[in-house]
Amino acid sequence: MTDLTIPSTPTRFEPPADLAASANVTAEAYARAESDADGFWAEQAERLTWAEPFTQVLDWSDAPRARWFVDGKLNAAYNCVDRHVEAGRGDKVAFHFVGEPGDTRDITYAELKDDVSRAANALTSLGVGSGDLVAIYLPMIPEAIVAMLACARIGATHTVVFGGFSAEALASRIEDCRAKLVITSDGGYRRGAPSPLKPAVDAALSRLGGQSPVDHVLVVRRTGEYVPFDDATDLWWHDVVGSASPEHTPEAFDAEHPLYVMYSSGTTGKPKGILHTTGGYLTGAAYTHHAVFDLKPDTDVYWCTADIGWVTGHSYIVYGPLANGVTQVLYEGTPDSPHRGRWWEIIERYGVTLFYTAPTAIRTFMKWGREIPDTYDLSSLRLLGSVGEPINPEAYLWYRSVIGGDRCPVVDTWWQTETGQMMISPLPGVTAGKPGSAMRPLPGIGADVVDEEGRSVPNGSRGYLVLTKPWPAMLRTLWQDDERFVETYWTRFADLGYYFAGDGAKKDEDGDIWILGRVDDVMNVSGHRLSTSEIESALVSHPRVAEAAVVGAADETTGQAVVAYVILRSGDGNNGEALTQELRSHVAKEIGAIAKPRQITIVPELPKTRSGKIMRRLLRDVAEGRDVGDTTTLSDPSVMALIANRDTESAGA
Ligand code: PRX
């Protein structure tokens, strides 16, 4: 969040006339959804193929626990794959896969159906079935998608763990969800070199020891590099899946059958297992993908650059786009391998029309300079999307003009792992775009900005972002922790029945919504969600650290950056740079490289209130180079001067 100042008269870009004239969704959708929400969502559910029809759209009698499309039965993998083949579109490319080293592979819907069926048969032969949990720890390769769909096909619940997470983080997730099977690969390609994955699985399992719930590890061969192999548990994907039959009859599961658990950082040290179920989730993902991208499945080529390890990869690479039968690009690597024009080269090569990425990537490209994208033909693009963090107006304008040639609308889509689907976003044929604003709740979605008491704030004011109505892809609970589910999202405005999103927001003079970022102890680094207390626990687990406080400080490229203040154990001398490097690596080992602090400052004290609560606001002031505000509530106001001094020293070091 480099730039949170909201201009008093923001620029407006009206929808392009040709797009508006043939838009999938017109302004009537808002009124239709408003007057008959059940009817509206029932229509959207009809995008899917149901094995048994639902008898009720929403059962909210046990709020906040929702049941959507009651009694309906369906198979998610059938909806994403088979039905397109049955409709005669088997030869259509589902994925143009681009590996980082330059290998490419086109996979048609018919091939995808065979691959998913083989994998489903293989999982069944390994004793995995409905109700079992499968952990997926893979790079961005087609097998990741095949693995997810194979689980869905047999009713197993997947939990995909981002490949950048450490062995420790993987172990805690495997343990929490009691995964029976882990699907991984020898490694993947990153920044021009093979990067191993399987050793992290081995380390995770050996950490769990006798407590490990895992029977087997299924290993995809991607890099061909040597990996240690344990014949008792490890199996090669190409042996087990490769030899399985491509015939498999999908079984229909209840609309509320658990589809996946996605772990996400909350305000405590322990990640939350966010549970999504089948019918409502698929409806929400498919509808929003159709509406917000104005998807024309016969002609569009769609590319979402998110990793499969995050919710964006789930909803807008796997479930939404495949349910809609689109052709998409899947890219394994980083934007600068082997050169900084790689993404634009891919867009040119495949004629990408719809492109979805994160502000942090856009800001990086801005730094690299427009000369790079300018050398490619990006004229196939017709719409650009943004997700994951507030997009600052400067980045929005650059994206629209340099990448979108001033002709493509930009849709800034606000949503969360918990919401499963986009919630606040322009509709490209209806809503104007204002750089920096996510604009309006989508048809059928209720969102508002409220004060402490839950009263809607007037236009021009700030407050808390809430969701006022249930929606189909909403999380159903937190895995094994229903109490925390209610407490985290539904107690703040319990009397009003609002879901509290954890974000601050502003309504501008037109009533359009500007997201201001988190109001809790959750940070957003490069569009990835990190918890301050999770990083603090990681730091404190180092033998030399007595206490730690972590804040998210504004950063020009990553939106926010992790900044840590650490007190050493008494008698422990500070050996400067070597120690801070060691602590940074320690955090990477405990959580993953994305959580590495940008800066660690060793301090003698932390600013605390008289009741002992750390005042992070003051640390954020220091980290962002501001004068420290009011310190009168501190038990020892002189602390801040000491910290500010140390901070300048360590930043200069
Ligand atoms: O703070 C908001 C921010 O990302 C948070 C959700 O993070 P996560 O669950 O990891 O999901 C990211 C991908 C959907 C939100 O609470 N956020 C997400 N999209 C936007 C955003 N902030 C501003 N504008 C957005 N478009």
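Counting starts at 1 for both ligands and their atoms, following the listed order. As a basis for the values below, the full set of heavy atoms in this structure was taken, side chains included, without hydrogen atoms, waters or symmetry mates. If you're wondering where the values come from, they're calculated on a predicted model, not measured in any experiment.
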Fill in: Nearest neighbour of atom 25 (C) of ligand 1 from the list Glu389, Met262, Arg529, on a heavy-atom basis
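It is Glu389 that holds the nearest heavy atom.
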
May I ask you to list the atoms of ligand 1 that are less than 4.0 angstrom from any heavy atom of [X]?
X: Val387; value: 13 (C), 14 (C)
X: Thr413; value: 19 (N), 20 (C), 25 (C), 26 (N)
X: Asp412; value: 24 (N), 25 (C), 26 (N)
X: Asn524; value: 3 (C), 4 (O)

Worksheet item: Taking heavy atoms and a distance under 4.0 Å, where does Val522 meet ligand 1: side chain, backbone, both or neither?
Response: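 Neither; no heavy atom under 4.0 Å.
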
Worksheet item: Heavy atom under 4.0 Å from ligand 1: found in Thr417's side chain, backbone, both, or neither?
Response: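 For Thr417, the contact with ligand 1 is made by both the backbone and the side chain.
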
Write out the residue and atom name of the closest protein heavy atom to [atom], then the distance separating them to 0.1 Å.
atom: atom 5 (C) of ligand 1; answer: Arg518 NH1, 4.1 Å
atom: atom 6 (C) of ligand 1; answer: Trp415 O, 3.7 Å
atom: atom 23 (C) of ligand 1; answer: Pro390 N, 3.1 Å

Can you find an N or O of [X] that's nearer than 3.5 Å to an N or O of ligand 1?
X: Ile391; result: no
X: Asp503; result: yes
X: Thr312; result: no

Discussion item. Using the side chain to side chain donor-acceptor pair (under 3.5 Å) definition, which of the options Ser461, Ser437, Ser456 pairs with Lys507?
Written reply: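 Only one of Ser461, Ser437, Ser456 forms a side chain to side chain donor-acceptor pair (under 3.5 Å) with Lys507, namely Ser456.
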
Worksheet item: What's the verdict on ring pair (Phe, Tyr, Trp, His ring centres under 6.0 Å) for Tyr281 and Tyr260, showing C-alpha distance, side-chain angles and the deciding distance?
Response: CA-CA 10 Å; Tyr281 173 76; Tyr260 70 85; 5.2 Å; yes

Discussion item. Under 4.0 Å, counting heavy atoms only: does Gly388 come that close to any atom of ligand 1?
Written reply: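 Yes.
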
Please confirm whether [X] and [Y] have ring centers closer than 6.0 angstrom.
X: His289; Y: Tyr302; answer: yes
X: Tyr316; Y: Trp415; answer: yes
X: Tyr499; Y: Trp490; answer: yes
X: Phe293; Y: Tyr356; answer: yes

Worksheet item: Do the ring planes of His158 and Tyr319 sit parallel (below 30°), tilted (30 to 60°) or perpendicular (above 60°)?
Response: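 Ring orientation, 0 to 90° scale: parallel.
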
Discussion item. I'd like to know whether CD of Glu483 has more than 12 heavy-atom contacts from other residues, nucleotides or ligands below 6.0 angstrom.
Written reply: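 Not more than 12 within 6.0 Å, no.
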
Worksheet item: Can you find a heavy atom in the side chain of Tyr331 that is under 4.5 Å from one in the side chain of Ile346?
Response: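 Yes, at least one pair of side-chain atoms sits under 4.5 Å.
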
